[in-house]
2 protein chains.
Amino acid sequence: MPKQASVNIENKIAGLLKRNNLSITDSRKKILHLFLEQTGALAHGDIEKRAGEKFDRVTVYRTLQTFVDKGIIHTIPTADNSIRYALCKDECAGGHHHDHHIHFVCHKCNNTYCLDDVVTPEIKLPKGYSAEHVEVVVDGICKNCR
Amino acid sequence: MPKQASVNIENKIAGLLKRNNLSITDSRKKILHLFLEQTGALAHGDIEKRAGEKFDRVTVYRTLQTFVDKGIIHTIPTADNSIRYALCKDECAGGHHHDHHIHFVCHKCNNTYCLDDVVTPEIKLPKGYSAEHVEVVVDGICKNCR
DNA sequence: TTAAAAAAGCAACATAGTTGCAAATGAAAA
DNA sequence: TTTTCATTTGCAACTATGTTGCTTTTTTAA
Ligand SMILES: [Mn+2]
Ligand SMILES: [Mn+2]
Ligand SMILES: [Zn+2]
Ligand SMILES: [Zn+2]
C-alpha cells in the first residue's frame with residue numbers, strides 16, 4: 001500500500017471519530033479499518049476474528065454499539081440470527097440513521113452488500129398500520145458469484 | 001371454550017401433522033396450539049415460556065426446526081437478533097415455502113404480524129445481481145396500538 | 001400386543017452476549 | 001511536558017442461547 005493512501009485512511013478515520021465526539025483509540029481505529037478496507041458488511045464474528053487476538057470480546061461489542069449509537073454503522077437483519085454491520089453514509093451522523101437502501105445477501109459467497117442505489121420501495125399498509133421504517137433484504141447470487 | 005371448538009382445533013392440529021408425515025406428540029400439539037391461539041408471531045423465548053415447564057428446551061428447538069423444514073411455520077428476520085416464527089399458509093406444505101407477504105413489527109406492543117395481503121414488491125437490482133427471495137420487514141405502530 | 005422407528009429428555013458442551021470493577025489510556029488543562 | 005480527570009479497555013464472572021450424543025420414552029404400524 002502506498003504511504004499516501006494509508007495516511008489518508010488514517011486521517012479519514014480520525015476525522016470520523018472526532019466528528020462524532022469519540023476519542024481515538026486503537027480498537028476503534030482497527031474496527032473502522034476493517035469496514036473501510038472492504039465492500040460488504042461484517043458480522044460480529046468476522047470482526048472478532050479479523051481484529052485478531054488484539055482486543056477483548058467485550059471491547060468489540062461495546063465499540064460496535066457505540067458506532068451504531070453514533071450513526072457510524074448500521075445493522076442489517078438476517079434470517080440466520082447473525083446481525084451484520086455496515087458503514088453508514090455521512091447523513092447518518094449525530095445518532096440518527098437515514099439509510100434508505102436495501103441489502104443483498106449472496107448465498108454463494110455469503111457476503112452482504114448495501115445496495116446504496118436501490119431505494120426501499122413504498123409499502124402500502126392495511127388501514128390502521130403506520131410505517132416508521134422499512135427494511136428490505138434480498139437473497140440471491142451476487143455479481144461476483146455468477 | 002365450547003367443547004366443539006376445542007375438538008375442531010384438535011382435529012385441525014392432528015390433520016396438519018398427519019399431512020406432513022409427522023407423528024402426533026404432546027410437544028408438537030402444544031406448540032401448534034400456541035400458534036393457532038393467536039394472531040402474531042412468536043419468538044423462541046415466547047414459546048419456551050408459554051409452553052410452560054412442560055417441555056425440554058431442546059425439544060422446543062427441534063420441534064420448531066421440524067416445523068420450518070416441513071413448511072408449517074416460517075421465520076421472520078428481525079434487527080434485534082431474535083428470530084420469530086409464524087404459521088404458514090397451506091401452500092407452504094411439503095418442505096417448500098411460498099410466502100410472499102411482508103411482516104410488520106409494532107414497536108409499541110412489540111407484536112409481529114404477517115400482513116398476508118401485502119405482497120412483497122418487485123425490486124429492481126443492479127446489473128449482475130439475481131434475486132431469489134425478498135424479505136420486507138416494516139417497523140411502526142400497529143392498528144391496535146394507535 | 002409387540003417390534004421397530006421416531007421423538008423426548010438429559011447432560012454436557014459450545015457459542016453469544018452482559019455486567020461490575022480495576023487498570024490502562026486518551027484528552028485537555030496546567 | 002507533565003499532571004489530572006474522564007473515558008475506555010480488559011478481565012472475570014455470569015446469563016442466555018443454541019447444539020450434540022446418547023438413553024429412555026412414546027408413537028406408529030405390523
Ligand atoms: Mn446498508
Ligand atoms: Mn409471515
Ligand atoms: Zn456472492
Ligand atoms: Zn402494537
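In the text below, chain A, chain B and the rest are named by the order of the sequence lines, each starting its count at 1.
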Handout entry: Sugar-phosphate only, base, or nothing, as touched by A/Lys18 at under 4.0 Å among non-hydrogen atoms
Key =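 A/Lys18: no heavy atom of the nucleic acid under 4.0 Å.
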
Handout entry: side-chain hydrogen bond (donor to acceptor under 3.5 Å, both in side chains) involving B/His74 - partner list, sequence neighbours excluded
Key =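 Once residues adjacent in sequence are excluded, the partners of B/His74 under the side-chain hydrogen bond (donor to acceptor under 3.5 Å, both in side chains) criterion are B/His101, B/His103.
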
For [X] and [N], what is the distance between atoms [atom1] and [atom2] respectively, to the nearest whole Å?
X       : N      : atom1 : atom2 : result
B/Arg57 : D/dT17 : CZ    : P     : 8 Å
B/Asp46 : D/dT17 : CG    : C1'   : 14 Å
A/Tyr61 : D/dA12 : OH    : P     : 18 Å
A/Asp80 : D/dG18 : CG    : P     : 12 Å
A/His44 : D/dT17 : NE2   : P     : 16 Å
B/Lys29 : D/dT26 : NZ    : P     : 13 Å

Handout entry: Of all pairs that satisfy ring pair (Phe, Tyr, Trp, His ring centres under 6.0 Å), the ones with a partner from residues 7-29 of chain A, not counting sequence neighbours
Key =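 Matches after skipping sequence neighbours: none remain.
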
Exercise for the section: Measure from the side-chain N and O atoms of A/Asn110 to the backbone N and O of A/His107, and report whether any donor-acceptor pair falls under 3.5 Å. Expected result: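 No; judged by distance alone, with no hydrogens or angles, the pair does not exist.
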
Exercise for the section: Examine distances only and state if a side-chain atom of A/Arg28 and a backbone atom of A/Ser23 form a donor-acceptor pair shorter than 3.5 Å. Expected result: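 At least one qualifying donor-acceptor pair exists.
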
Practice task
Using five pairs at either end of the helix from C/dT1-D/dA30 to C/dA30-D/dT1, determine the angle between the two local helix axes and round it to 10 degrees.
Solution key: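 Roughly 30°, once rounded to the nearest ten degrees.
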
Handout entry: Nearest-0.5 Å distance that lies between atom NZ in A/Lys29 and atom CG in A/Leu32
Key =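 One finds 10.5 Å between NZ of A/Lys29 and CG of A/Leu32.
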
Problem - Gap between atom CD1 of A/Ile47 and atom CZ of A/Arg57 - 0.5 Å precision - result: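 Output value for this atom pair is 13.5 Å.
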
Practice task
On DNA chain C, reading 5' to 3', which nucleotide is the first and which the last to sit with an atom under 4.0 Å from a heavy atom of chain A, could you check?
Solution key: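 Range of nucleotides touched by chain A: C/dA16 to C/dA27.
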
Exercise for the section: Answer yes if the side chains of B/Glu10 and B/His33 hold a donor-acceptor pair under 3.5 Å, and no otherwise. Expected result: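 Note: B/Glu10 and B/His33 side chains meet the donor-acceptor criterion.
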
Problem - Step-by-step salt bridge (charged side-chain N to carboxylate O under 4.0 Å, His left out) determination, B/Asp116 to B/Lys89 - result: CA-CA 9 Å; B/Asp116 294 305; B/Lys89 301 286 143 187; 3.5 Å; yes

List every contact pair, protein side and nucleotides 6-9 of chain D side both N or O, where the distance is under 3.5 Å.
unit_1	atom_1	unit_2	atom_2	d
D/dT8	OP1	A/Arg28	NH1	3.0
D/dT8	OP1	A/Arg28	NH2	2.9
D/dT8	O5'	A/Arg28	NH2	3.4
D/dT9	OP1	A/Thr25	OG1	2.8
D/dT9	OP1	A/Ser27	OG	2.3

Could you pull out every donor-acceptor pair under 3.5 Å between side chains of residues 60-73 of chain B and any protein atom, sequence neighbours left out?
unit_1	atom_1	unit_2	atom_2	d
B/Thr63	OG1	B/Thr59	O	2.7
B/Gln65	NE2	B/Asp69	OD1	2.9
B/Thr66	OG1	B/Arg62	O	2.8
B/Lys70	NZ	B/Asn20	O	3.1

Exercise for the section: Would you check if A/Val137 and A/Ile102 make a side-chain contact, meaning some heavy-atom pair closer than 4.5 Å? Expected result: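 No - every pair of side-chain heavy atoms lies 4.5 Å or more apart.
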
Exercise for the section: For the residue pair B/His133 and B/His100, categorise the inter-ring angle as parallel (less than 30°), tilted (30 to 60°) or perpendicular (more than 60°). Expected result: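 Rings of B/His133 and B/His100: tilted, 30 to 60°.
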
